[in-house]
K.L.:
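So that we are looking at the same thing, I have put the structure below in structure tokens.
What you see is a predicted model; the values in this text were computed from it and never measured. The analysis underlying the following values was restricted to heavy atoms, covering all of them including side chains, and did not include hydrogens, waters or symmetry mates. Letters A, B, ... mirror the listed sequences (proteins, then strands); counts begin at 1.
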Amino acid sequence: MSRQVIRVALAGNPNSGKTSVFNSLTGARQHVGNYPGVTVEKKEGSCRHGDVDIHIVDLPGTYSLTAYTLDEVVARNHIISERPDVVINILDASNLERNLYLTTQLMELDVPLVLALNMSDVAQARGIEFDLATLSGLLGAPIMPTIGHRGQGMTELLDATIAVAGGERGHHVEIHYGREIEEEIGKIEGMLDRRDVAVDQCETRWLATKLLEHDKEIRDRIDDPKIDAAIDKSIAHLQRIYGDPPEIVIADRRYGFISGACQEAVRATVEARHTMSDRIDAVVTNRVLAIPLFLALMYLAFHLTFALGEAPMGWLELFFSWLGDTIASWWPKGVESPLKSLLVDGIVGGVGGVLIFLPNILLLFLAIAVLEDSGYMARAAFIMDRLMHKIGLHGKSFIPMLIGFGCSVPAIMATRTLEDRKDRLTTIMVTPLMSCGARLPIYALIIPAFFPAAWRAPMLWGIYLLGIILAVVLAKLLRKTVFKGADTPFVMELPPWRMPTLKGVLIHMWERGWLYLRKAGTIILGASFILWALTSYPKPTAYTSDYDGATTQAREDYLAAVHSLNAVLGLPEKSDLLSGAVRAELIAEAEQGRYWESEPGFAAAEREKAGAISLLIRQPSGEALKSFLDTRDAMGAALAEFETALADGDIEADSIAHLALAHRRDEILAALKETHARAYAAAVQYFDNAHAPFIRTMMEIDQSRHAEDMAGTVAGRIGHAIEPALRPMGFDWRIGTALIGATAAKEIFVAQLGVVYAVGGEREALRARLREDYNPLIGFCIMVFCLITAPCVATIAVTKQETNSWKWALFQLTLLTATAYVVTVVLYQAGLLLRIGVG
Amino acid sequence: MVPLSKVSDGKKVQLVSVHGGRGLVARLAAMGMIPGVELEVIRGSTHGPVVVAVKQSRLALGRGMAHKVMVK
């Protein structure tokens, strides 16, 4: 009789391929949550077999069901309280005896059991043969061969599962622990029968056995002092007889049972002593080669991340730039709309800034997935343990820290593998110091702004190195103070080396990459919105200076300066030709500011200007005007071409390319001078005395007005308010305002700085402004501060989630921000003192 | 009877006992290291981490744990 819905739990050792089986069974129909009250991942999924719906929970991988680790307690409590219809025990066929230890405990719990002999391909390759019928009889449960990562054997497995759920269970097999122990078990069982609460849900024999095994969790549930005393007496008695604590003897008996069963049902046809896996290990964990090999692999991983990620990053940059422009073009040009500003500056700027780094991050996670799936990570944790231990961390801490170079959010979640709470907390606190992907835009902005090309790569590595060094120092400090604790033993199973599968690696890469993406889509989106509001409002109602008046004055000055060129060109003093032409240019410029290039108004303005100027040229002495305009435009074009070539090619001053370009420019100018001497002289004066001052004045007016705009907004006010605190670091209110934005997410810092300086997404323009206002020392300090200070809100949120308390999240926030402040102040003051980078 | 840390690469020994807390002893037992089991030292070390083969699995024991494992 088959039921409509059955509930199944998957249990098995770590590295038994349990996850592959789970994935094979559930495919995409799975989701991850938490077991109530604890930060242990609960993976659930479902599938359909025939007309039965099967709901599957993938229990944490455990070696046994004692109370020594949280994973084990969670697994066994799930089985006891949720009472799944069937427990499928996944066994690693190539490591059967050890795997069966968990099986014996499941047998003791007397749960409906189905055994999956997984990785049967590996066992077969090693020449191991199984007599499944005998084994099944000895263990009291059906046993199915499976190959999880190929999805083979699933049908038979599910058939057996449904059969067992329907009542076709194997027979109950009881392991005999020896006369003395069985006696004591009997005694305690007798006393337990009279209790009702904890006993109701489990087999009394199992409970009694666990009590003799000194199981803390079960013990805590019993609060009858008489039973307590009886247990202690039994344990002492058995200890006297055996010379070992009962739990050791019981473990020994379990293994004895397993050994006996395997002797009957398992045959190794080949004496495989030293497998390929061992041979690889001999090299990888070799005393001399281990660390260099490790460093080489790390370098390779990072190098690939940056090298391969560059192209896709470029495409994404173009895409978001295009997106921003397209959205902006929905409004008439020059119109100030809050919605437009929100969409373009706020959202595309903010979220786009985050998503641009997705390729980098995915590549890093891909590299990590390959290292994990192949089995190298286990060796790396082992190799690193000695070093990690010296700084107060655990070998396994190294994996979250590596992930932290991509994003702190999945990194902190990866600390779940650390069993000791103090190890885990320390790692969580220092992981954000591994410079995450979000900070890259900041370095990408500042380093080229202040440092010559040869310095750039070393600077970047320097920042990363600084983060690592600080993590080491901070970890050591924390371990000596707040997280002072005993050394935890390091015991880890080294899984056999495996060839990673493309599918597996991609799935693992995506599991973490998705977290980054989700962070972008939610927290950063929300933060961008809030920040946009904070940096746009309130708008000022009146300005302190008359900016409009100043603009008019600047224009008049400009025209007057142009007018004075009359003498140079040999025009009559009162001639309006020059000023008239330039005035027409100003009018056209203003007109065109109202239209997009594709709109008719734009071209119309151009035509009007051309018309006005040709009219002027037809006047007496008009050729002088034409000559001047042509020469001026040619000169301007040559100068502009020079600057553009420099910027595009990222060319250094004093380089050969620079000289070549300069030479070319000078040739053009010399030719002009020869052919139109007078006009040339006038053009030179135009640029120096009329145009340049005009542009400068207009920019100053713009900046002053914008500064007032910003100063009035919420973010601006806060920036100004905290300025005194920022001064010791060399920062001003503008950086302060951008930093406020960056508290939500580091990626936003650059976008915010762009807003504060009113240059939008123009990186080069922003760099130019930064060079004006700051110096290399300050630039460096900005990077250091951003490196150390508490990262984004998402990280704090994950810390809270993983530690189950706001206390630690706030501690992390305070610790990192305070450290950032202190270190930056010290660096800045030292730099000032030693006059380094003050340019 | 000697600590595991004193055993060189490639040697096979038998586990006698583990000098550690309850949790450690039980953990190792669950992973296969119970008194009487045969261990093969894959990569030994006096102070550092040690890799042993326990039946079909490979265990890495770090941080001077090898000092606490007594074998013969």
K.L.:
Supply the atom-to-atom distance A/Asp385 CG to B/Met65 CE, rounded to the nearest 0.5 angstrom.
P.N.:
11.0 Å
K.L.:
With a 4.5 angstrom heavy-atom cut-off, which part of A/Phe382 approaches chain B: side chain, backbone, both or neither?
P.N.:
both
K.L.:
Should A/Asp252 and B/Pro35 count as side-chain neighbours, where that means a heavy-atom distance under 4.5 Å?
P.N.:
no
K.L.:
Highest number of heavy-atom pairs under 4.5 Å with chain A: which of B/Gly20, B/Gly44, B/Ala53?
P.N.:
B/Gly44
K.L.:
Would a distance-only check, ignoring hydrogens and angles, find a side-chain to backbone donor-acceptor pair under 3.5 Å from A/Tyr255 to B/Met33?
P.N.:
no
K.L.:
Only one of B/Val52, B/Val51, B/Leu59 clears side chain to side chain contact (heavy atoms under 4.5 Å, CB included) with A/Leu494; which?
P.N.:
B/Val51
K.L.:
Relative to chain A, which segment of B/Val50 carries a heavy atom at a distance below 4.5 Å: side chain, backbone, both, or neither?
P.N.:
backbone
K.L.:
With chain B as the partner, which of A/Glu247, A/Glu72, A/Gln105 has the greatest number of non-hydrogen pairs under 4.5 Å?
P.N.:
A/Glu247
K.L.:
Count the heavy-atom pairs under 4.5 Å between each of A/Glu97, A/Arg386, A/Glu213, A/His214 and chain B, then report the option with the highest count.
P.N.:
A/His214
K.L.:
With respect to chain A, which residue among B/Ser17, B/Ala29, B/Gly36 yields the maximal number of heavy-atom pairs within a distance under 4.5 Å?
P.N.:
B/Ala29
K.L.:
Quick one: closest heavy-atom pair of A/Ala251 and B/Ile34, and the distance?
P.N.:
CB-CG2, 4.2 Å
K.L.:
Do B/Met31 and A/Val491 come close enough that some side-chain heavy atom pair is under 4.5 Å?
P.N.:
yes
K.L.:
Non-hydrogen atoms of chain B under 4.5 Å away: do they reach the side chain of A/Thr66, the backbone, both or neither?
P.N.:
neither
K.L.:
Is A/Glu493 in contact with chain B via its backbone, its side chain, both, or neither, using a 4.5 Å heavy-atom distance?
P.N.:
both
K.L.:
Mind checking the NZ-SG spacing from B/Lys55 to A/Cys262? Nearest 0.5 Å is all I need.
P.N.:
8.5 Å
K.L.:
For the residue pair B/Ser57 and A/Arg98, what are the closest heavy atoms and their distance?
P.N.:
OG-NH1, 3.5 Å
